[in-house]
Trainee: 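Dropping the structure in here first, questions after.
Throughout, a chain's letter reflects where its sequence line sits, starting with A, and its residues are numbered from 1. Because only heavy atoms are used, hydrogens play no part in the values below, and waters and symmetry mates are left out as well, while side chains stay in.
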Amino acid sequence: MERKVRVRFAPSPTGGLHLGGVRTVLFNYLFARHHNGDFVLRIEDTDQTRFVEGAESYINECLKWCGMVPDEGPDAGGNYGPYRQSERKPMYRQYAEQLVQQGNAYYAFDTPQELEAMRERLKTPANPSPQYDHNARMQMKNSLSLPAAEVQQLIDAGTPYVVRIKMPENETLVFHDMIRGEVSFHTELVDDKVLLKGDGMPTYHLAVVVDDYLMQISHAFRGEEWLPSAPVHLLLWKYLGWESVMPQWAHLPLILKPDGHGKLSKRDGDRLGFPVFAMNWGTPGTENFTEGFRERGFLPEAFVNMLVMLGWNDGTEQEIFSMEELIQRFSMDRVHKGGAKFDFEKAKWFNHEYIKHYDTEKLTTLVAPYFAAKNCTPDTAQLQQVVGMIKERCTLLSDFWQQGSFFFVRPTEHNIDAIKPKWTPEKKTFFETLVSRFDTLDWNAAALEQGFKDLATEQGIKPGELQLPLRIMLVGDKFGPNVFEIATFLGKEETVARITALLQQLA
RNA sequence: GCCGCGUUGGUCAAGGGGUUAAGACGCCUCCCUUUCACGGAGGAAUCACGGGUUCGAAUCCCGUACGUGGUACCA
């Protein structure tokens, strides 16, 4: 019988949710939805990497913004909770003990100093980082090397200890990865990973196996950095007798720095001037602040689309996908094996595409806050009209203010240098006459343009030479939509005021 | 060092024995527009290297290089 698809994502932000993290969630989400399965959020808050204040609600807000809502989770209830690792603490110990009794794991009493001493002692140029493995374990203080009585004595005395997995020797472990196919490891090269820490909390290795089993997870997707510890997890599934219900695994490629090499980090964003977190993280204005894609002016649809194309495509030339299309077409076997360098220019292109085709009414509600932030609160219908006129020349939501403020606020700065060299008394006369002639014209773009050109012809000046000055008068600089449409929007009174104001400056 | 994974233009990438090796971003040129964009037409630029297998290799195999991840009582 085929199991229902259940995938889980386990974020553990000690900081914000970065691109790689969001993309991992996204692939989890798309796969789950594609198969009509469950999408479960599991929170990894351990004692060591304790959640930073607010991190949990931050994650939930990120997911909501991106349109990926978990079916179950800390707030939604469900049958597999609790979902916070800290609340699941009592569950793990019994499995660790079971492994010890079966001989697949053992107690280790070594102090951090002793571990350090061992590494120092075994270190050679050929082996710069010795492991706690089958070579070293018998030289250490653990229930394999010590007599049973002494072990009991240590435990009775309350000596802190950890539980380590006993890696077998000379075995080759093979497992199937949905992206990479067959992957194999030699067990003697893997160290005896700690399963249960001195404080009684499980390490990721134990927790992820126990939780995935108890939560009946059918598919587990995570970053490529977990591939080397996959053999430990595989062994745990076997030793605990759960191999028949082991999830299918996929190790996702990494997102790399745009320049140079290595994993993309928060520092790269600061250094190169782009966000790496989905949303603002930290306190604005302080050193611990990182701007998010949301606040930078990205639409969530564009953000998600951009992210999914980093490592996946559907094999066609299509690049713009709605979430519904992604769910329909997503398949794990079209995910790339190699990491992808992040390209902010391409990310902006996605956003521009979305803005151009976005519903103007909806776009206006997203743009309004950017105007409000500048103490500009125009009538919604008017703002909507402006948004419609300028949206194709805005890449980010934050561009709308720069591209559209002059519709509502008279420009204070004028790019006079653009017209002054070619300014003549005849042109001055033209604009003075134009103003006086406005009363005879219908106030719409077509009529204004016609009247403007007629007058230019009468006075023997090329209309083109007069359009730039008019633009500078109304807009302040060389940008914006058709100048007659701008005048139409501004209205006769404001248009006249702006023309005369600049005429005085040029005098 | 050892182990894993990877490598098609600057970037994202399609293609997986025979192709003029798609497409997109970015860059450049031209057209449209006497603004900035949008739109349109073009252009430069790629199969990491070396061996095999084959009539034929970007494609299959081996090696090398390079990159990347891991090598913690972090995840």
Trainee: Return the nearest nucleotide to the side chain of A:Leu115; candidates are B:U71, B:A14, B:C73.
Mentor: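 That would be B:C73.
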
Trainee: Can you check the distance between B:A44 and B:A22, where both ends of the measurement are the P atom (answer in whole Å)?
Mentor: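 It comes out at 12 Å once rounded to the nearest Å.
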
Trainee: Atom CG of A:Leu227 and atom P of B:G69: how far apart are they, to the nearest Å?
Mentor: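 Spelled out: CG on A:Leu227 to P on B:G69 is 13 Å.
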
Trainee: Taking OP1 and OP2 of B:G69, is either one under 4.0 Å from a side-chain nitrogen or oxygen of A:His251?
Mentor: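 Checking B:G69 against A:His251, no side-chain N or O comes under 4.0 Å of OP1 or OP2.
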
Trainee: For B:A45 and B:C38, measure between their P atoms and round to the nearest Å.
Mentor: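 The answer is 25 Å between these two P atoms.
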
Trainee: Run the ring-centre check on A:Phe27 versus A:Phe330 and record whether the distance is less than 6.0 Å.
Mentor: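 When the ring centroids of A:Phe27 and A:Phe330 are compared, they turn out to be within the sub-6.0 Å range.
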
Trainee: Just by distance, do the side chain of A:Ser398 and the backbone of A:Arg296 share a donor-acceptor pair under 3.5 Å?
Mentor: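 Judged by distance alone, yes, a pair lies under 3.5 Å.
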
Trainee: Within 45° of the ring axis of A:Phe9 and under 6.0 Å from its six-membered ring centre, is that where the NZ or CZ of A:Arg42 lies?
Mentor: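 The answer is no; the distance or angle limit is not met.
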
Trainee: In whole angstrom, what separates A:Leu307's CG from B:C25's P?
Mentor: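 It is 19 Å, rounded to the nearest whole Å.
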
Trainee: Please confirm whether the ring centroid of A:Phe274 lies under 6.0 Å from the ring centroid of A:Phe342.
Mentor: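 Distance test on ring centres: under 6.0 Å, yes.
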
Trainee: How about A:Trp249 and A:Phe221: are their ring centroids closer than 6.0 Å?
Mentor: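 Judged by ring-centre distance (under 6.0 Å), A:Trp249 and A:Phe221 do not meet the cut-off.
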
Trainee: For the pair made of CD in A:Glu465 and P in B:U34, what is the distance, rounded to whole Å?
Mentor: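 Whole-Å distance recorded here is 14 Å.
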
Trainee: Could you measure between the two P atoms, the one in B:C49 and the one in B:U59, and give it in whole Å?
Mentor: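 Roughly 10 Å separates the two P atoms.
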
Trainee: If the C1' atom of B:A58 is compared with that of B:G40, how far apart are they to the nearest Å?
Mentor: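 So the two C1' atoms sit 33 Å from each other.
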
Trainee: Give the rounded distance in Å between these two atoms: CD of A:Glu317 and P of B:A21.
Mentor: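 Nearest whole value for this atom pair: 17 Å.
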
Trainee: For atom P, what is the distance between B:C74 and B:G15, given to the nearest Å?
Mentor: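 Straight-line distance between the two P atoms is 42 Å.
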
Trainee: Which of these nucleotides, B:C2, B:C74, B:U34, is closest to any side-chain atom of A:Lys197?
Mentor: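 Of the candidates, B:C74 comes closest.
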
Trainee: Taking the P atom of each, how far is B:G16 from B:C31, in whole Å?
Mentor: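 These two P atoms come out 41 Å apart once rounded.
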
Trainee: Searching all strands shown, indicate the nucleotide that pairs with B:U68 (Watson-Crick or G-U wobble; both distances under 3.5 Å).
Mentor: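 Per the H-bond distance test, B:G4.
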
